[in-house]
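Naming convention: chains lettered A, B, ... in sequence-line order (proteins, then strands); numbering from 1 in each chain.
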Amino acid sequence: MRPPTSLKKEFLKKWIMGLQLCSSSKKEMSFLERKKAIKLSADVAMASARNATTRWSRALISNASKDDSNKELVECILGPESESLKRASMSLVLCNKRNRSKKILRKSCSIRRARKSSSQMVMASSIAKRLVKKRTQVLKSLIPGGGSMSEFSLIEETLDYILSLRAQVDVMRHLANATELLNRK
Amino acid sequence: MERIAGTGGRSGSTGGEKEEIGAESFLFGEEIQRLMTGPPENGSSFTALLGLPANQAMELLHSQESDTAPTELSGEAWRDNHMNPHKLYYCSPTFPANTTLIDRAARFSVFAAGENSPETSSVPSNSSLKVKNEPTDTDSNPNSLPPLISNPTVENKNQRSTKRKEREKKAKGSTKKCKNASNETSEEAEKLPYVHVRARRGEATDSHSLAERARREKINARMKLLQELVPGCNKISGTALVLDEIISHVQSLQRQVEFLSMRLAAVNPRIDFNLDSLLAPESGSLVDSNFPSMVMPLMWPDVQANDNRQPYQQLWNDDTLHQPVWGREEDPHNFIAPEHSLLSYDSSANSGSLQSNQLKMEL
């Protein structure tokens, strides 16, 4: 398992790079713009720290590069491997579309199957299943690119995503604390 | 802060486990590589931990219990299984999750020796899944069920092929507690595509339900890991509630990211945080040596002029008082110190600090 410190260091490196690129390109940015730029570069840096080994990172990168204004930033942060990573993320998008259409077909077929649940036991289990299903859908909406994952891969991606988010939050918090303390001087 | 220590500790423990496992992995490296796509080299944390070595974790745990098991698990054992028609073959590269589950159950389990006679149905559903039922095993144990596993069952297993994994169920029908002899679990600890599965009492034995069962157990193993990761999930039982916790945790983390980016935007009027090489000469006194090695390879904009160093150094000396505050965590310590030392560079400009203060007040 990668030690968290190296992940944080890599993230910090890439993030600072992205921020500098942002600041050099525009001179005056409003507060909201700044916040968006910071968050975006943080997210992309986090995703690129994973080197597109996980689906959520690829989805994040592809979502970010869809927006033209962010493209150069994304490319810069990704660095030399940006082209291959982009290709990987684009192919993922295409795969998702295919999977989505398949799923729609499958769902339309399964709806026709009648629900034979009459006994209490079966009802309880079906209620439980429905609850779980709702929550997995919510989770899918939370995790970037989660819409087209199987249940199993969703759980794996969640694991990875939570770890990365934690590292990201730690680094950002320390940076924020540091700057605020310095500013008080 | 505690959370960091917690994650650090956790990651440390899992890292240690991984190393231990890694040593063992060389033993069975060949078979395993044949079967599994290699674990992600970048060390995507838990996925790497889960993907490959779960089976080896199994094996590690049980290699102490039975000395003969590892030797039996040498390569030819599973080759034998191909030729033995009497065994149940269950081939799934994702079975390690299953074995971890079995392992955990085995630690707490109560063995029952009931077996039923599975119907003989051999339906190869797909290339990775072959199931053949085994009629002969049931003769070994009568259908009376002693509450604890009896030695005869263990001996019987040892007599047969080592690749079989038995699941036995109490007559009352507690499904989730897999009852295995420790020997059996150690037998299937080696990561092989073919693992024997016996159908449980009272359950369908066709390939679909078996596949479903394996899939369910895979998912449950991962869910357990998630439970350990998310704080406060350990005591909760039930998938829906655990998922609730996970969702709220992810949401809170995402919200924290937003919030922190807002803070950073407010703090600094120009969002350039210069961790430039100016830090390097200062670093000898305060920061560990590994941080400059991280900073130096980075290509930062030009070094600031010399006349700016004077006020900077004064700031630096003041900031050293604050270092013990952050010194609690070891990991961020290295890059906090350089951070705030270099950030002071920017904020030393008076106009900048005034603006940031105004922004803070607005917030």
Return the minimal non-hydrogen interatomic distance between A/A176 and B/L264, and the atom names on each side.
->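 Nearest pair, atom of A/A176 first, then B/L264: CA-CD2, 3.7 Å.
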What heavy-atom pair brings A/L131 and B/A240 nearest, and what distance separates the two atoms?
->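 Of all heavy-atom pairs spanning A/L131 and B/A240, the closest is CB-CB, 4.1 Å.
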Close side-chain approach of [X] to [Y], heavy-atom, < 4.5 Å:
{"X": "A/F152", "Y": "B/R215", "value": "no"}
{"X": "B/L229", "Y": "A/L163", "value": "yes"}
{"X": "A/M172", "Y": "B/R263", "value": "no"}
{"X": "B/Q254", "Y": "A/Y161", "value": "yes"}

Supply the atom-to-atom distance [X] [atom1] to [Y] [atom2], rounded to the nearest 0.5 angstrom.
{"X": "A/L165", "Y": "B/R255", "atom1": "CG", "atom2": "CZ", "answer": "12.5 Å"}
{"X": "A/E151", "Y": "B/M223", "atom1": "CD", "atom2": "CE", "answer": "8.5 Å"}
{"X": "B/I247", "Y": "A/T136", "atom1": "CD1", "atom2": "OG1", "answer": "8.0 Å"}
{"X": "B/L226", "Y": "A/L159", "atom1": "CG", "atom2": "CG", "answer": "4.0 Å"}
{"X": "A/L142", "Y": "B/S248", "atom1": "CG", "atom2": "OG", "answer": "10.0 Å"}
{"X": "B/L260", "Y": "A/L175", "atom1": "CG", "atom2": "CG", "answer": "9.5 Å"}

Between A/I143, A/V138, A/L139, which shows the greatest number of heavy-atom pairs under 4.5 Å with chain B?
->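 Most heavy-atom pairs under 4.5 Å with chain B: A/L139.
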Is a side-chain donor or acceptor of A/Q168 paired with a backbone partner of B/L253 at a separation under 3.5 angstrom?
->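 Not confirmed, A/Q168 side chain does not pair with B/L253 backbone.
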Hey, does the side chain of A/R135 reach the backbone of B/L243 with a donor-acceptor pair shorter than 3.5 angstrom?
->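 Not at all, since once roles are kept as given, no pair shorter than 3.5 Å links the two residues.
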